[in-house]
Amino acid sequence: MPRRLQPRGASTKGPPATIEAPLEAASRPQPSSSRVPLQSDKPLLRWDEVPDDFVERFILSGYRRLPCTVQECLASVLKPTNETLNFWTHFIPLLLFLSKFCRLFFLSGRDVPFHHPWLLPLWCYASGVLLTFAMSCTAHVFSCLSLRLRAAFFYLDYASISYYGFGSTVAYYYYLLPGLSLLDARVMTPYVQQRLGWHVDCTRLIAAYRALVLPVAFVLAVACTVACCKSRTDWCSYPFALRTFVFVMPLSMACPIMLESWLFNLRVENPTLFVHFYRRYFWLVVAAFFNVSKIPERIQPGLFDIIGHSHQLFHIFTFLSIYDQVYYVEDGLRQFLKAPPAAPTFSGTVGYMLLLVVCLGLVIKKFLNSSEFCSKK
């Protein structure tokens, strides 16, 4: 490997002379003689003092000692490391949502008890929201225990996001979709005849869609987890772009709400859903931008190592998107309870979620048993 030019008298273990140095360190193995041993007495390390698989692009400092103990990992959440705010930007939302769902289930003042079948979709959704924040916190805190555990925690993080995505679809299916004119054959059949001149009975098409929503969302959840786990191997050249695309895929299950706003006057008929739905997707676009672009640390490597790097901003905007989602799911629940159609079944809600847990567990087990797993970010 060609050696970089250093200023006269500079140490070869000093900071990189060019912006590209952290990228090459993360993608190219270095001779073992030039690497600092894993065991180090320094509390925080630089990019060239940790294994290549632990180096984050454009993040030059703030790395924890490797391998850390569980006690050291827990203590690091109160120290200025490059993972500290990654933890807090999801731990604080976790507490907020835990409080929110406790009020919804136990302190809402409704006549419906927390174990009523009408609330089963809300339990599925709440478990997804809380689990995805909890697993994110766990992955960021304990990511420096070992290479294998780092991979395991991030695989669980991806699985929890897929679990949350499917839980959202379950809540949409019962609380939001029944109120859409788009899925009402009595509205759509004359609408299609008037606008397109097609004499089509939409009853069967809508029935087919309703029958396929949850199975398709289930398959998407498993497929997205496989793709995200695969992105942590050397097979994937653009892991952040792939994961961002994969995380967006389950959001396609909300397309009926978007179509409803285009074909009908959703802004007037359901202003709460309209405003919070589109604001949620605005936050998601902003989050995706930071996740893929690696701005601002790409512009000034080293300046945002502890505070303000892209992954922290990604966490903040994903929290805002879920906050808006919780708001309109709660509003959908209120509308559902006013005139509930058929009561949700255990197999159609919790049963699906339990089956998904089993499938995601098998996916994670397969990747951990594979010899090609690695821990690149």
Side-chain angles (χ1 to χ4, degrees), residues 97 100-101 103-105 108-112 116-126 128-129 164-196 202-203 205-214 216-217 248 250-287 317-344 348-349:
F97 285 126
K100 174 69 172 179
F101 288 123
R103 291 197 301 271
L104 278 177
F105 284 115
S108 64
R110 293 189 301 263
D111 294 331
V112 182
H116 196 281
W118 290 345
L119 298 184
L120 287 177
L122 184 62
W123 277 108
C124 296
Y125 174 67
V129 172
Y164 152 72
F166 183 73
S168 299
T169 303
V170 171
Y172 286 8
Y173 181 81
Y174 287 102
Y175 296 152
L176 298 175
L177 299 188
L180 300 182
S181 299
L182 184 71
L183 297 179
D184 188 343
R186 295 169 299 178
V187 175
M188 285 304 299
T189 297
Y191 180 89
V192 171
Q193 292 177 355
Q194 180 182 358
R195 291 297 183 93
L196 302 177
C202 296
T203 303
L205 291 175
I206 293 174
Y209 175 82
R210 289 182 180 276
L212 291 174
V213 167
L214 293 182
V216 170
V248 167
L251 302 179
S252 62
M253 305 310 295
C255 282
I257 300 175
M258 189 174 297
L259 291 174
E260 179 85 6
S261 69
W262 294 348
L263 299 178
F264 302 96
N265 198 353
L266 184 63
R267 185 196 295 266
V268 174
E269 294 175 359
N270 194 337
T272 299
L273 177 59
F274 181 86
V275 170
H276 291 277
F277 178 81
Y278 277 101
R279 192 166 67 184
R280 161 176 160 76
Y281 278 83
F282 171 76
W283 298 136
L284 288 173
V285 169
V286 175
F317 287 108
T318 53
F319 154 66
L320 292 174
S321 74
I322 295 177
Y323 181 85
D324 273 318
Q325 185 188 41
V326 169
Y327 197 94
Y328 66 72
V329 167
E330 180 184 2
D331 184 70
L333 171 64
R334 284 195 294 265
Q335 300 300 323
F336 172 86
L337 293 178
K338 289 179 181 178
T349 53

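Remember, predicted model here, so these are calculated numbers, not experimental data. All residue numbers refer to positions in the sequence shown, counting from 1.
Not counting sequence neighbours, the partners of Val192 by the side-chain contact (heavy atoms from CB on, under 4.5 Å) test are Met188, Leu196, Trp198, Cys202. Residues satisfying the side-chain hydrogen bond (donor to acceptor under 3.5 Å, both in side chains) test with Ser261, not counting sequence neighbours, are Tyr278. Among residues two or more places apart in sequence or in another chain, the side-chain hydrogen bond (donor to acceptor under 3.5 Å, both in side chains) test is passed with Thr272 by none. Every side-chain contact (heavy atoms from CB on, under 4.5 Å) that Thr349 has, sequence neighbours left out, goes to Leu120, Pro121, Cys124, Val170, Tyr174, Pro344. By the ring-ring contact (aromatic ring centres under 6.0 Å, His included) test, Tyr191 pairs with Phe264, sequence neighbours left out. Residues satisfying the side-chain contact (heavy atoms from CB on, under 4.5 Å) test with Leu259, not counting sequence neighbours, are Leu182, Trp262. Applying the ring-ring contact (aromatic ring centres under 6.0 Å, His included) test to Tyr164 and every residue at least two apart in sequence or in another chain returns nothing. Residues satisfying the ring-ring contact (aromatic ring centres under 6.0 Å, His included) test with Phe105, not counting sequence neighbours, are Trp123. Remark: Phe282 pairs with no residue by the ring-ring contact (aromatic ring centres under 6.0 Å, His included) rule, at least two apart or across chains. Scored by the salt bridge (charged side-chain N to carboxylate O under 4.0 Å, His left out) test, Arg334 finds Glu330, Asp331 as partners (sequence neighbours excluded).
Smallest separation of non-hydrogen atoms from Tyr281 and Ala254: OH-CB, 3.4 Å. The two residues Leu337 and Pro340 have their closest heavy-atom pair at O-CD, 3.5 Å. Pairing each heavy atom of Ala185 with each of Ile206, the nearest pair is N-CD1, 3.5 Å. The minimum heavy-atom distance linking Tyr175 with Leu119 is given by the pair OH-CA, 3.6 Å.
For residues 184-193, the set of pairs meeting the salt bridge (charged side-chain N to carboxylate O under 4.0 Å, His left out) definition, not counting sequence neighbours, comprises Asp184-Arg186. Identified under the salt bridge (charged side-chain N to carboxylate O under 4.0 Å, His left out) test for residues 256-285, with sequence neighbours left out: Arg279-Asp324.
To the nearest 0.5 Å, the span separating OG on Ser168 from CD1 on Ile322 amounts to 7.5 Å. One distance of note links CG of Leu177 with OH of Tyr209; it measures 5.5 Å at 0.5 Å rounding. Put simply, CG on Leu122 and CG on Leu104 are 6.0 Å apart, with the number rounded to the nearest 0.5 Å. Taken to the nearest 0.5 Å, the CG atom of Asn270 stands 11.0 Å off from the CG atom of Asn265.
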Check your understanding: Under the ring pair (Phe, Tyr, Trp, His ring centres under 6.0 Å) criterion, do Tyr323 and Tyr327 qualify, and how do the steps go?
Key -> CA-CA 6 Å; Tyr323 181 85; Tyr327 197 94; 7.1 Å; no
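For the residue pair Tyr172/Tyr328, the side-chain donor-acceptor check at 3.5 Å is satisfied.
The shortest distance between side-chain heavy atoms of Val326 and Val329 does not fall below 4.5 Å.
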